[in-house]
*Asks:* 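I'd like to ask you about the structure that follows.
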Amino acid sequence: MTPPAPADTPAPGAQHGGVIRKNLATLPVRPHWRADAPAPATFSWSSMRERLAGLPGGGLNIGFEALDRPVRQGRGEHVALHWLGANAGAGAERAGLAGLDERRITYDELRRLANRFASAITRLGLARGDRLFVLAPRLPELYVAILGALKAGVVVSPLFSAFGPEPIATRMNLGEGRALVTTPGLFARKVAPVRAQIPTLSHVLLIDDGSGPGPAGTHDLGALLREAGEAGENFECAATRPEDLALLHFTSGTTGRPKGAMHVHGAVVTHYATGLYALDLHPEDVFWCTADPGWVTGMSYGVIAPLLHGVTMIVDEAEFDPERWYRILQEHEVSVWYTAPTAIRMLMKAGIALAQRFVHPKLRFVASVGEPLNPEAVAWGLQALGLPIHDNWWQTETGGIMVANAPAFDIKPGSMGRPLPGVEAAIVERLAGGDVRLIDTPGTQGELALKRGWPSMFRGYLHEDERYRKCFAGEWYLTGDLVRRDADGHYWFVGRADDVIKSAGHLIGPFEVESVLMEHPAVVEAGVIGKPDALLGETVKAFVALRPGFEAGEALMRELMAHARKRLGAAVAPKEIAFAAALPHTRSGKIMRRLLKARELGLPEGDTSTMEGAA
Ligand code: ATP
Ligand code: MG
């Protein structure tokens with residue numbers, strides 16, 4: 001049975017402008033972050049740091065904290081990674097043997113495998129600070145490689161396995177990749193054609209996929225792990241310092257060419273704290289983060305944070321499929337689920353009847369990140385899963401969740417929540433000369449800024465020092481996102497500064513317009529842009545994708561226009577609505593408004609390497 005919704009929860013669909021109230025007494029687990037709890041009041045990053053193990057002499061290593069610390073705390077036999085192969089029926093029970101469709105790997109096994117990997121790459125000559133790229137489907141070896149490299153002090157840079165040869169070569173050159181872990185198939189199709197263009201690349205490690213010996217100039221990862229032997233399992237973790245580089249993450253490329261954000265081992269303190277306060281992880285949880293480790297969400301919360309908390313994490317190799325996803329939630333008794341608005345909208349599109357064929361007795365907390373979560377989607381959670389969806393906000397640059405709706409707090413649907421303990425947020429206006437002015441008035445819109453000092457703040461953009469410097473005004477990191485804060489301290493996403501539309505003196509956030517369009521039963525997704533206009537500056541144009549069963553046409557367009565005007569007023573409502581079979585997305589699921597705009601205006605499309613469907 002799904003835990004009952006708190007008694008004072010309004011009926012689904014009735015939340016607009018309202019609040020979904022939480023009743024602490026009915027929550028199945030006592031949340032870590034509560035208004036009445038002492039923890040946030042006494043919160044300090046140093047107290048969080050003290051909960052981690054650390055290395056002798058003040059060192060800190062993400063891989064060590066993720067694997068050795070739980071093992072030392074007695075969680076060695078607990079399942080760390082429950083892997084579902086693409087061919088696995090989600091429920092298929094198989095023994096934990098390599099090559100089969102489902103594997104359960106305990107903390108101690110994962111630690112030993114990661115140590116073998118660390119030992120193997122060290123023997124190959126990789127040294128601290130060298131860069132290792134990973135380009136692989138969500139296979140257990142991917143996780144072994146990431147954690148092993150971190151333990152060896154080697155910097156990890158994940159690539160999304162759907163990238164084509166060009167984006168791979170560009171990123172590996174930018175990051176000066178010395179080693180690459182990939183599969184024989186991906187190597188043949190995507191790396192071999194460009195290998196000569198990546199002069200720094202000395203070692204290619206191939207994950208065994210049963211296709212036989214790899215081509216000359218590559219290593220067999222399985223053989224390397226075997227050769228590392230039991231001695232390799234005792235690999236001594238590199239003595240990394242908190243400020244040593246650990247991860248290099250390329251941004252999603254939603255607004256332009258992806259940037260390489262550099263993260264340090266000290267970020268693990270944020271991963272730990274946000275695992276507590278934003279995701280509310282408890283040791284008995286089964287946690288599923290649906291993001292691929294090619295993106296920062298899939299790394300911070302699909303690899304690191306769950307292991308820090310000793311939970312079992314589900315890793316599904318397969319791509320999105322509504323029925324499979326519901327089945328995983330049900331059959332593997334997921335208790336905490338972290339996903340993205342696009343996925344939720346696709347589940348909504350698949351219909352409520354499908355959702356209601358499944359039950360989720362253990363599911364207790366559902367969170368989402370990556371794009372604004374429209375109120376309809378929050379309410380859909382109540383209907384389909386028995387739980388509202390909790391939006392949270394962060395970016396590649398912040399390394400971890402910064403603003404969140406956590407389980408103990410009421411939700412205002414459409415709001416991204418409040419700053420987490422340890423995060424100081426403000427709303428600012430940029431002034432000429434690089435200074436900023438703080439805006440304190442509730443309801444006023446401005447740029448979201450974060451006070452320096454949280455441990456997972458990025459330490460630079462790769463080879464773009466000037467761009468990095470420009471992200472800061474004194475103590476404030478400027479996020480490039482426009483938000484509003486209400487009198488209760490909830491933050492509301494307005495739009496990316498680049499996407500905001502200026503029409504007849506109004507500043508219009510695309511999200512507000514998109515959200516209203518998605519209230520209409522015909523609309524499953526909407527993307528809104530500004531079109532240059534001689535008189536008004538810009539006019540609002542919306543692109544909408546329809547739910548199955550709805551016909552694009554004049555009548556529906558008029559109906560949508562009328563709905564938008566009624567809800568938004570004539571000044572903000574779109575002047576034009578176009579139907580689209582699908583909207584362009586990044587592979588991490590974000591609507592690419594810049595592409596809608598470029599196409600509308602007949603301008604060059606710019607960098608499309610991260611676009612869904614691009615090879
Ligand atoms: P690029 O910087 O290359 O254009 P990107 O900003 O999409 O790409 P990410 O770092 O993956 O790359 O995404 C972070 C951005 O995603 C945030 O700055 C914000 O615009 C958006 N975002 C993330 N979470 C939310 C949320 N809960 N609500 C609204 N927007 C969000
Ligand atoms: Mg960005």
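In what follows, every heavy atom counts, from backbone to side chain, and hydrogens, waters and symmetry copies are set aside. One is the number of the first residue; the rest follow in order along the sequence. Note that the structure is a prediction, hence the values are computed from the model and not measured. Note that ligands are numbered from 1 as they come in the structure, with each ligand's atoms numbered from 1 the same way.
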*Asks:* So do the side chains of Glu512 and Leu568 get within less than 4.5 Å of each other, counting heavy atoms only?
*Replies:* yes
*Asks:* Would you say Ile389 and Leu373 make side-chain contact, with heavy atoms under 4.5 Å?
*Replies:* yes
*Asks:* Would Gly253 count as a polar contact of ligand 1, with the cut-off being nitrogen or oxygen pairs under 3.5 Å?
*Replies:* yes
*Asks:* Looking only at protein heavy atoms, which one is nearest to atom 26 (C) of ligand 1, and how far off is it?
*Replies:* Glu371 O, 3.4 Å
*Asks:* Under the 6.0 Å and 45° cation-pi test, does Arg484 pair with Tyr491?
*Replies:* no
*Asks:* Taking only heavy atoms of Asn392 into account, list the atoms of ligand 1 that are under 4.0 Å away from them.
*Replies:* 24 (N), 26 (C), 27 (N)
*Asks:* Measure the distance from atom 25 (C) of ligand 1 to every protein heavy atom, then report the residue, atom name and distance (to 0.1 Å) of the closest one.
*Replies:* Trp393 CD1, 3.5 Å
*Asks:* Select one of side chain, backbone, both or neither to describe which atoms of Trp394 lie under 4.0 Å from any atom of ligand 1, heavy atoms only.
*Replies:* backbone
*Asks:* Distance under 4.0 Å to a non-hydrogen atom of Lys259: what atoms of ligand 1 satisfy this?
*Replies:* 1 (P), 2 (O), 3 (O)
*Asks:* For a quick test of reading the model, state the closest non-hydrogen atom pair linking His265 to Leu150 and the distance between them.
*Replies:* CE1-O, 3.7 Å
*Asks:* Among Lys259, Arg257, Lys470, whose salt bridge (charged side-chain N to carboxylate O under 4.0 Å, His left out) with Glu464 holds?
*Replies:* Arg257
*Asks:* Mind listing the closest non-hydrogen atom pair of Arg34 and Phe409 along with its distance?
*Replies:* C-CZ, 3.9 Å
*Asks:* Would you say that Tyr468 contacts Phe458 through its side chain, given a criterion of any heavy-atom pair below 4.5 Å between the two side chains?
*Replies:* yes
*Asks:* Atom 29 (C) of ligand 1: which protein heavy atom is closest, and how many Å away?
*Replies:* Pro372 N, 3.1 Å
*Asks:* Suppose we measure from atom 9 (P) of ligand 1 to each protein heavy atom; which comes out shortest, and what is that distance?
*Replies:* Thr396 OG1, 3.4 Å
*Asks:* Checking a contact table here: which protein heavy atom is nearest atom 5 (P) of ligand 1, and how many Å away?
*Replies:* Thr254 OG1, 3.5 Å
*Asks:* For atom 6 (O) of ligand 1, find the nearest protein heavy atom and state the residue, atom name and distance (0.1 Å precision).
*Replies:* Arg496 NH1, 2.9 Å
*Asks:* With heavy-atom distances below 4.0 Å as the criterion, list the atoms of ligand 1 near Val369.
*Replies:* 24 (N)
*Asks:* Can you check ring-ring contact (aromatic ring centres under 6.0 Å, His included) on Phe43 and Trp33, steps first, answer last?
*Replies:* CA-CA 11 Å; Phe43 181 93; Trp33 184 24; 9.6 Å; no
*Asks:* Using ring-ring contact (aromatic ring centres under 6.0 Å, His included), reason through Trp288 and Trp325 one step at a time and then give a plain yes or no.
*Replies:* CA-CA 10 Å; Trp288 184 23; Trp325 278 32; 5.1 Å; yes
*Asks:* Could you grab the distance from atom OG of Ser161 to atom CD of Glu317, nearest 0.5 Å is fine?
*Replies:* 9.0 Å
*Asks:* Mind checking whether Asp391 has an N or O less than 3.5 Å away from an N or O of ligand 1?
*Replies:* yes
*Asks:* Considering only protein heavy atoms, which is closest to atom 19 (C) of ligand 1, and at what distance to one decimal place?
*Replies:* Asp481 OD2, 2.9 Å
*Asks:* May I ask you to check if ligand 1 and Ser252 share an N or O to N or O distance below 3.5 Å?
*Replies:* yes
*Asks:* Gln395 to ligand 1: N or O pair under 3.5 Å?
*Replies:* yes
*Asks:* Report the nearest protein non-hydrogen atom to atom 13 (O) of ligand 1: residue, atom name, distance rounded to 0.1 Å.
*Replies:* Lys590 NZ, 2.9 Å
*Asks:* Atom CG of Leu596 and atom CD1 of Ile591: how far apart are they, to the nearest 0.5 Å?
*Replies:* 8.0 Å
*Asks:* Using a plain distance cutoff, I'd like to know if Gly370 has any nitrogen or oxygen under 3.5 Å from a nitrogen or oxygen of ligand 1.
*Replies:* yes
